[in-house]
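The basis for the numbers below is simple: all heavy atoms, side chains too, and nothing from hydrogens, waters or symmetry mates. Note that the coordinates shown come from a computational prediction; the quantities given were computed from them, not determined experimentally. Proteins get letters first, then strands, A, B, ... in listed order; numbering begins at 1 in each.
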Amino acid sequence: MTAPILAARGLSRRFGGLRATHSVDLDLYPGQILGVIGPNGAGKSTLINLLTGHLRPHAGTVLLDGHDVTGKRPWHIAQAGVARTFQIVKPFRGMTVADNVVVAGLYGARGPAGTTTGAPAGAVGGRRSGTGAARPRAGRRTLAAVRRDALETLERVGLADKAHLAPAELSVADARRLELAKALGLRPRVLLLDEVLAGLRPGEIGPALELIGSLRRDGLALLMVEHVMSAISAVCDQVLVLHQGEVLTTGEPTAVLSDQRVIAVYLGTRFNQSGSARRTPRGDSDPSSEQSGPAPLAEREEEPR
Amino acid sequence: MPTVDTAAPATGSPARPSEPGSVLRPPRWRRTTPWLLLVLAVVAGFGLQTQLYTGQERTASTILMFVSLAVAWNLIGGYAGYACFGQVGFFGLGGYTTAVLMTHARLSFWLALPASAVLVGVFAALIGAPLLRLRGHYFAVAMLGVAEGLREVVTNVPGLTGGGAGITVPTVDAGAPTRWLGNDGFYVLFLLLAGVLVGVGLLVSTSRAGYALRAINQDEDAAAAMGINTTVAKTMALAVSAALTGAVGAAYAFQQVTIYPERLFDVDITVLMVVMVMLGGAGTVIGPVIGAVAVAFASEWLRQHYPLVHTFLLGGLIIAAVILLPQGFTTYVHDAVRTRRFSPLANLRRYRL
């Protein structure tokens with residue numbers, strides 16, 4: 001196994017008395033997808049915010065290509081090739097869909113002029129690996145080149161025909177695609193996806209997973225926080241389960257998703273014997289769910305942002 | 001003044017499906033037209049000068065000054081979305097720097113003006129670094145405090161600034177570093193300042209920086225995730241905006257000859273800048289120009305025809321305009337052309353109050 005691009009060691013963050021994440025270790029490898037699951041409030045979004053510098057950890061380190069990038073500001077992390085999406089989509093509303101992606105190309109990871117965007121096969125990982133956060137800034141790319149790349153990125157996520165629209169005119173699914181296109185516009189090596197499948201209709205999930213799979217083939221290291229269990233088991237190489245901020249278990253999707261402890265934190269102990277329960281896609285958000293469980297889900301804090 | 005929406009080249013033309021190339025890259029004429037219009041407008045300004053008598057020329061100079069101020073405020077308040085309610089502090093600081101340099105250091109006005117701009121820009125960057133961490137109302141109030149503080153400082157160092165009694169720039173006798181420019185000279189000065197500032201606005205609008213500021217305006221976390229160094233971008237926007245405002249203040253101080261703290265740090269000037277940008281269209285190139293000309297012209301016209309109630313009438317007019325044009329005149333025209341619905345009521349519903 002090659003060395004991880006992005007790694008976390010003992011990552012911890014508190015919000016007042018609430019331990020949002022506690023001593024989390026993880027490794028992201030090129031060409032692999034790590035799924036992160038856990039009930040609401042388990043600390044999944046906090047984990048992404050810690051990895052991207054949007055939050056500073058109280059303890060622990062974040063390593064990018066082996067270099068310590070803990071406490072670096074978000075733009076440093078983004079320029080070093082780590083892109084993310086937000087759980088609540090954050091389009092730049094005053095701009096067209098195309099210009100949203102242009103912003104990423106103008107300010108994101110800097111490469112030599114003329115290289116294409118959207119992490120084409122072979123371009124990711126190989127050429128940029130080993131340079132890390134200390135990589136010097138290459139020359140700025142011209143606006144024209146960035147615009148060409150932006151259109152390519154939009155084609156890849158299936159938004160090319162809506163490039164001229166305002167973000168407010170997009171459907172929920174297209175807004176998620178735009179969020180993904182903005183992240184890909186950075187030409188990242190690492191992509192952190194915070195519930196990109198949320199709000200999609202069943203028919204829209206398949207193409208989205210195909211796209212994510214193609215990103216893996218291009219050599220991106222992916223982390224996806226997701227509630228759609230079928231998606232997790234379909235594409236993830238490894239799954240990490242967070243529970244009350246701590247890593248409950250980690251491993252292969254099939255093993256993790258049938259783990260009794262995982263079923264217990266997701267659905268309560270009443271479902272312990274029911275093997276089919278893990279297919280329930282959003283059982284964690286049901287407020288009327290069982291009070292007999294070890295940790296009643298309705299009583300848990302909302303996910304801090 | 002040109003009434004074409006010259007802001008459009010920055011954002012392309014939303015929701016107008018046309019040939020693929022234009023989606024990302026506006027055609028050449030759309031990129032060059034704003035600059036041609038700007039040159040034409042400045043030339044027209046020179047032509048207009050020959051038709052004005054002295055009183056009108058002074059009024060026109062004032063209008064041009066407010067065009068410059070509105071364009072400068074638009075950089076931080078419009079593009080970056082940081083409502084800076086202390087902008088008059090930069091105006092006054094620029095004016096007093098020039099007055100002090102000309103009076104005590106006998107520096108030529110042509111050196112004092114750029115020196116004032118640089119000093120104000122550096123000052124803005126220094127206070128901006130901590131204050132731009134505040135958002136929304138907190139930033140507005142903090143900047144209001146900065147402007148008030150500057151006025152108090154200027155009032156309380158009479159040895160340098162003449163204090164509350166004001167300072168008079170030597171402009172006539174042999175000892176004057178630069179002779180007063182006369183009404184014609186100041187008209188040309190303010191015309192060129194306005195031309196340069198609109199040019200800066202155009203550059204920002206179509207540049208990398210313009211993308212960064214608009215992104216910050218919409219969502220700072222998302223902008224940072226795009227690799228934009230938001231701290232640097234915001235601080236630079238405030239510094240440039242302040243430096244340009246300081247340059248305008250320098251010209252104003254020289255034109256007035258004698259300046260007083262309560263006039264140069266008058267919060268009304270900030271309010272006028274904000275109102276002009278909001279009415280014209282924040283975050284566009286032409287919006288502040290339209291807003292400044294409209295408000296300054298209306299104010300002057302009302303003052304001459306209804307001397308007793310002109311402030312009251314102007315206030316009423318501004319309230320009506322704010323209600324009828326919630327996102328500014330430029331945005332209204334843009335949306336009306338885009339949706340083919342020209343009724344102001346449709347615009348009202350679009351941005352329902």
Within 6.0 angstrom of A:Arg216 CZ, more than 12 heavy atoms from elsewhere: yes

Looking only at non-hydrogen atoms, find the nearest pair between A:Phe86 and B:Ala225 and report the distance. CE1-CB, 3.8 Å

Proximity breakdown for A:Ala183 and chain B, heavy-atom pairs closer than 4.5 Å: backbone

Taking the six-membered ring of A:Tyr107, is the NZ or CZ of B:Arg208 close enough (under 6.0 Å from the centre) and on axis enough (within 45°)? yes

Under 3.5 Å, side-chain donor or acceptor atoms of residues 230-238 of chain B against the rest of the protein: list the pairs with distances, not counting sequence neighbours.
from	atom 1	to	atom 2	distance (Å)
B:Lys234	NZ	B:Tyr82	OH	3.3
B:Lys234	NZ	B:Leu132	O	2.9
B:Lys234	NZ	B:Glu220	OE2	2.7
B:Thr235	OG1	B:Thr231	O	2.6

A:Arg84, A:Glu179, A:Lys182: which one forms the most heavy-atom pairs within less than 4.5 Å of chain B? A:Lys182

Sorted by chain and residue number, the side-chain contact (heavy atoms from CB on, under 4.5 Å) partners of B:Asp219 (sequence neighbours excluded) come out as A:Lys90, B:Asp221, B:Ala222

How long is the straight-line distance from CH2 of A:Trp75 back to CE of B:Met226, given to the nearest 0.5 Å? 14.5 Å

Value for CG (A:Asn100) from CD (B:Gln218), rounded to nearest 0.5 Å, stands at 8.5 Å

How close do A:Leu143 and B:Thr206 get, heavy atom to heavy atom, and via which atoms? CD2-O, 3.9 Å

